[in-house]
Enquirer: 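Before I ask anything, here is the structure I am working with.
Scope of the values below: all heavy atoms of this structure, side chains included, with no hydrogens, waters or symmetry mates. Counting convention: from 1, in listed order, for ligands and their atoms alike.
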Amino acid sequence: MSDTLMISVSGVRGLVGTDLTPELVARWAAAFGVWGKGNGGRGKRKTRIVLGRDARTSGPMFAAAAAAGLLSVGCDVIDVGLVATPTVQLAVEHHRAAGGIILTASHNPIEWNALKFVGPDGIFLDTVAGARVRELAAAASLPRANYHAIGGVEADAEAIARHLAAVLALRAVDVKGIRRRRFRVALDTVRGAGGAVMPELLERLGCRVTAINVETDGLFPRPPEPVPENLKALGALVHRKQADIGIAVDPDVDRLAIVDEQGRPIGEDYTLAFAIRAVLGKRATGHGKRVVVCNLSTSLVVEDAAKEFGATVVRAPVGEAHVARKMIELKAIIGGEGNGGVMYPALHVGRDAPVALALVLSLLARERATVSALVARAPRYAIVKAKVERGTRNVERMDGVYASLRAEFPEANADTQDGLRLAWPDRWLHVRPSGTEPIIRLIAEAPSGADAERLIEEGRRLCAAS
Ligand code: MG
């Protein structure tokens, strides 16, 4: 296999036309189908697998290949077509399917595509299940169905409509309040799958929408990750149209970023912070401890938002599946990732941009404040990221780095779930080896850029010395 093919727990990603080929996709889909069949066949019924894709030009080709692979091992395919990633996850639950395959390379550039595997719970596969699928994909032969046991394909054209209806039915979403405000919203869906769901959601929320890049042809006109440097056109649109808010999503619509009313991207961490405020601030519901889960690299703006309402913040290793499983374990009220991925279990424990949008607008409607005023209400922080060569340093050598960091900062709170994260009340430093490159990643957050830089420099120095 060529070296640009990346195999991870929840899927396989590669460059279209070089290493990610229809043959390979069919094989992995067949392997996943075999795993699905062994994973709770439901009565006499054939094992059913939901199949969806984002807007990439390679999507139809790979969808056909994935369907062929699934049929060849005797699975039935429920084809939901061109949809958001969370729409597939919801469809797996809706149909009580044995799993789902999503063809998307998320925010990666146009030349990439990937298969992502969802288990029967609608969550991306964990390590054990992922390893089993990988083993099956590498096996000399797979148990193919004979002529009378081949599966069938059924199209499900209602998956997006169900998703939208479910979002609008959430108690935390104030549809009436949002509609009353008649928000002016500027939207950029980067010609990804967002065009199939976000304009309609905004319309049903009574917003006055002005949009760019809502075609769903997968021809991304800019780098598709919704980070500030990629949202200049959206910022200009907000300015020109005097919009109340600008909204951008990534190509598979599980991440959402916000631009304020002056056209400035406010950073993806605020999406989860706003969603938390929307949910926890609605009313003092329930009793006992309210838990919010985010990952180890998520900004303190998220922690501040949760603490403002007396919630406890628990951090999980980076990765949607880690956060999702921790949320289920702790019965978290809301959670997600600082990259704009909001997970709201009242609907589904997966990152969902339509949910994020509905919650953010609910907050704006309730607070009657501008986006920039909401940002200004809480402390701001600076995040600095760096990397150093790991060289031949193995896991034990990393232990040396961690030990010297802990000795240098004995007063800090240490979290060792994934590398080492040292935390103080208003700052943190996270040091971890990359899983894909021979480097050590350093990330720090503090009240000022200079403070964050100082933490990074300390980390760098100890990495070099250990
Ligand atoms: Mg994504």
Enquirer: Are Glu200 and Arg204 ion-paired here, with the side-chain N under 4.0 Å from a carboxylate O?
Expert: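 Yes, charged N to carboxylate O under 4.0 Å.
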Enquirer: Classify the side-chain pair Asp260/Ser372 by whether it contains a donor and acceptor separated by less than 3.5 Å.
Expert: no
Enquirer: Using a 3.5 Å distance criterion without hydrogens, assess whether the side chain of Lys282 forms a donor-acceptor pair with backbone atoms of Ser362.
Expert: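 Pair absent, no side-chain N/O of Lys282 close to backbone of Ser362.
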Enquirer: Go through the side-chain N and O atoms of Thr85 and Asp254 and say whether any donor and acceptor fall under 3.5 Å apart.
Expert: no
Enquirer: Would you mind counting protein N, O or S atoms that sit less than 2.8 Å from the Mg ion (ligand 1)?
Expert: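 Protein N, O or S neighbours of the Mg ion (ligand 1) under 2.8 Å, waters not counted, come to 4.
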Enquirer: Under 4.0 Å between a Lys/Arg side-chain N and an Asp/Glu carboxylate O for Arg48 and Asp76?
Expert: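 No, Arg48 and Asp76 are not salt-bridged.
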Enquirer: So, using salt bridge (Lys or Arg N to Asp or Glu O under 4.0 Å) as the criterion, who are the partners of Asp352 when residues are at least two apart?
Expert: none
